[in-house]
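Worksheet: one structure, shown below.
Below, read A as the first sequence line, B as the second, and so on, with proteins coming before strands; counting in each chain starts at 1.
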2 protein chains.
Amino acid sequence: MRLNTTELDRLKTSLKQAGLKPTRQREHVLSVLLARRDHPTVEEVWQRSRTLSRGISLATVYNCLESFVDSGLVKQVNYEREPTRYCPNLRPHAHFKDQETGRVYDIDLPNEVLIQLNSILPEGFRPEAIEISFHGRTKTQNS
Amino acid sequence: MRLNTTELDRLKTSLKQAGLKPTRQREHVLSVLLARRDHPTVEEVWQRSRTLSRGISLATVYNCLESFVDSGLVKQVNYEREPTRYCPNLRPHAHFKDQETGRVYDIDLPNEVLIQLNSILPEGFRPEAIEISFHGRTKTQNS
DNA sequence: TTGATATTTAGAATGATTCCAATTCTTATG
DNA sequence: CATAAGAATTGGAATCATTCTAAATATCAA
Ligand SMILES: [Mn+2]
Ligand SMILES: [Mn+2]
Ligand SMILES: [Zn+2]
Ligand SMILES: [Zn+2]
């Protein structure tokens, strides 16, 4: 439940690059995200942050997560209009939501798939981002 | 701004299949959606429905659109947590949002792309739906 | 060490959507 | 056609994720 040196360095570097300051709260919120990569909501991150000695306000959790998104450390994941979830996986990947458990899984995106997806765009469409979200069931007995 | 016979038939059939009744308001809301396939929000559909003689309530626009989604006539389109947009295009397609104009375009999805996308899922993942959303800029001078 | 600037915070405000309960339609049945 | 039971419509209240506000606190370059 603590950032290691590498993670702490990445946090400081990314924040500085965005003109933001490393704070106790930001360190803690990032460590919560990295501890379990299960795409928690703001509320869930807040609950998990209760372990912090003096606690942390909900507004600060919103602010920290926003600063991470702005500095490129974390991505938002949305399913319909449900509360936004947060994902620290920086590789290109899609998401799969198990509609029975509510769990959201990362699905790695091979480069060839990305290329093929870009190829379906008409002339003149310049994508800056693409989001791919599956939802369905998983027939596994693990995790 | 009126449903033709084919469209009216599809409406009645789909609604009946879902145990719902065709009403003046539902006919009108569907005709608004079909008139301009530009993925309007509820508010926009409501504005465009003002032409209806006696008007229509916002709650009813919400209800009509929900009944269309339930009966499979229309799909919802979400970008982050912006107001939900509605799309009567029933072919498999992705969406592209021009971040300068806010316009949302349909991008047809070739079957081979769908197949390739399903192939990236691990064993045991059974997708029921997939959503693909681009956002970026368009360099066209038309429409 | 210190001042300028950024962050944190509790609570209020916002805004899309859903809920509610009263009224009005729709349609199956006689 | 008339009727009644169930469905839909409606205005307004409630919900709830998120954003805003302004006062207190923390960070850090100089
Ligand atoms: Mn769904
Ligand atoms: Mn974006
Ligand atoms: Zn992810
Ligand atoms: Zn569409």
Side-chain angles (χ1 to χ4, degrees), chain A residues 8 11-32 39-47 49-50 52-71 73-86 102 104, chain B residues 8 11-32 39-47 49-50 52-71 73-86 102 104:
Chain A
L8 194 59
L11 173 63
K12 289 187 173 169
T13 304
S14 299
L15 288 178
K16 175 166 290 182
Q17 206 170 329
L20 303 170
K21 297 178 176 172
T23 62
R24 185 171 50 92
Q25 291 87 343
R26 283 175 177 159
E27 271 188 43
H28 190 73
V29 168
L30 185 59
S31 80
V32 163
H39 307 88
T41 62
V42 170
E43 201 78 25
E44 286 165 341
V45 171
W46 185 47
Q47 293 303 336
S49 300
R50 287 320 192 73
L52 190 57
S53 55
R54 210 169 114 257
I56 181 174
S57 80
L58 182 58
T60 297
V61 176
Y62 272 100
N63 290 339
C64 289
L65 291 169
E66 182 183 46
S67 72
F68 296 160
V69 171
D70 289 351
S71 58
L73 281 167
V74 157
K75 287 192 291 205
Q76 295 181 312
V77 179
N78 289 282
Y79 272 92
E80 320 227 314
R81 295 201 25 107
E82 292 171 11
T84 299
R85 299 169 175 280
Y86 292 83
V104 175
Chain B
L8 194 59
L11 173 63
K12 289 187 174 168
T13 304
S14 299
L15 288 178
K16 174 167 292 182
Q17 205 171 328
L20 304 171
K21 297 179 177 171
T23 63
R24 185 171 50 92
Q25 290 88 341
R26 284 176 175 159
E27 272 187 43
H28 190 73
V29 168
L30 185 58
S31 80
V32 163
H39 308 87
T41 62
V42 170
E43 202 78 24
E44 286 166 341
V45 170
W46 185 46
Q47 293 303 336
S49 299
R50 289 318 192 71
L52 190 58
S53 56
R54 208 169 119 259
I56 180 173
S57 80
L58 183 58
T60 298
V61 177
Y62 272 100
N63 291 338
C64 288
L65 290 169
E66 181 184 45
S67 72
F68 296 160
V69 171
D70 289 351
S71 58
L73 281 166
V74 157
K75 286 191 291 205
Q76 295 181 311
V77 179
N78 289 283
Y79 271 91
E80 321 228 315
R81 295 204 21 111
E82 292 172 10
T84 299
R85 298 169 177 280
Y86 292 83
V104 174

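- Taking the C1' atoms of five terminal pairs at each end of the helix from C/dT1-D/dA30 to C/dG30-D/dC1, the two resulting helix axes are inclined by 30°, rounded to 10°.
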- Message: Pair A/Gln25, A/Asn63 - check side chain to side chain contact (heavy atoms under 4.5 Å, CB included), show working.
- Response: CA-CA 10 Å; A/Gln25 291 87 343; A/Asn63 290 339; over 6 Å; no
- Message: Checking B/Tyr86 against B/Lys75 for the side chain to side chain contact (heavy atoms under 4.5 Å, CB included) test, could you report, in this order, the C-alpha distance in whole Å, the side-chain angles of both residues, the deciding distance, and whether it holds?
- Response: CA-CA 6 Å; B/Tyr86 292 83; B/Lys75 286 191 291 205; over 6 Å; no
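- From the 5' end on, the contacts that DNA chain C makes with chain B at under 4.0 Å to a non-hydrogen atom open and close at C/dA16 to C/dT27.
- Listed by chain and residue number, nothing satisfies the side chain to side chain donor-acceptor pair (under 3.5 Å) test with A/Ser71 (two or more places apart in sequence, or in another chain).
- Taking A/Glu43 as the reference, nothing meets the side chain to side chain donor-acceptor pair (under 3.5 Å) condition, with sequence neighbours excluded.
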- Test side chain to side chain contact (heavy atoms under 4.5 Å, CB included) on A/Leu65 and A/Val61 and set out the steps. CA-CA 6 Å; A/Leu65 291 169; A/Val61 176; 3.8 Å; yes
- Would you give a per-nucleotide map of nucleotides 18-30 of chain D, 5' to 3', where B means the base has a protein non-hydrogen atom under 4.0 Å away, S means only the sugar-phosphate does, and - means neither? BB-------BS--
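- Atom CD of residue B/Gln76 and atom CZ of residue A/Arg81 lie 10.0 Å apart, to the nearest 0.5 angstrom.
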- Query: Are B/Ile56 and B/Val29 close enough, and set up right, to give a side chain to side chain contact (heavy atoms under 4.5 Å, CB included), and what steps lead you there?
  - Reply: CA-CA 9 Å; B/Ile56 180 173; B/Val29 168; 3.8 Å; yes
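- The side-chain contact (heavy atoms from CB on, under 4.5 Å) check on A/Pro83 picks up A/Thr41, with sequence neighbours excluded.
- Taking atom CZ on B/Arg26 and atom P on D/dA7, their separation rounds to 11 Å, with Å as the unit.
- The local environment of NZ in B/Lys12 is sparse, with at most 12 non-hydrogen atoms from other residues, nucleotides or ligands closer than 6.0 Å.
- At a threshold of 4.5 Å between non-hydrogen side-chain atoms, the residues B/Thr84 and B/Val42 do not count as touching.
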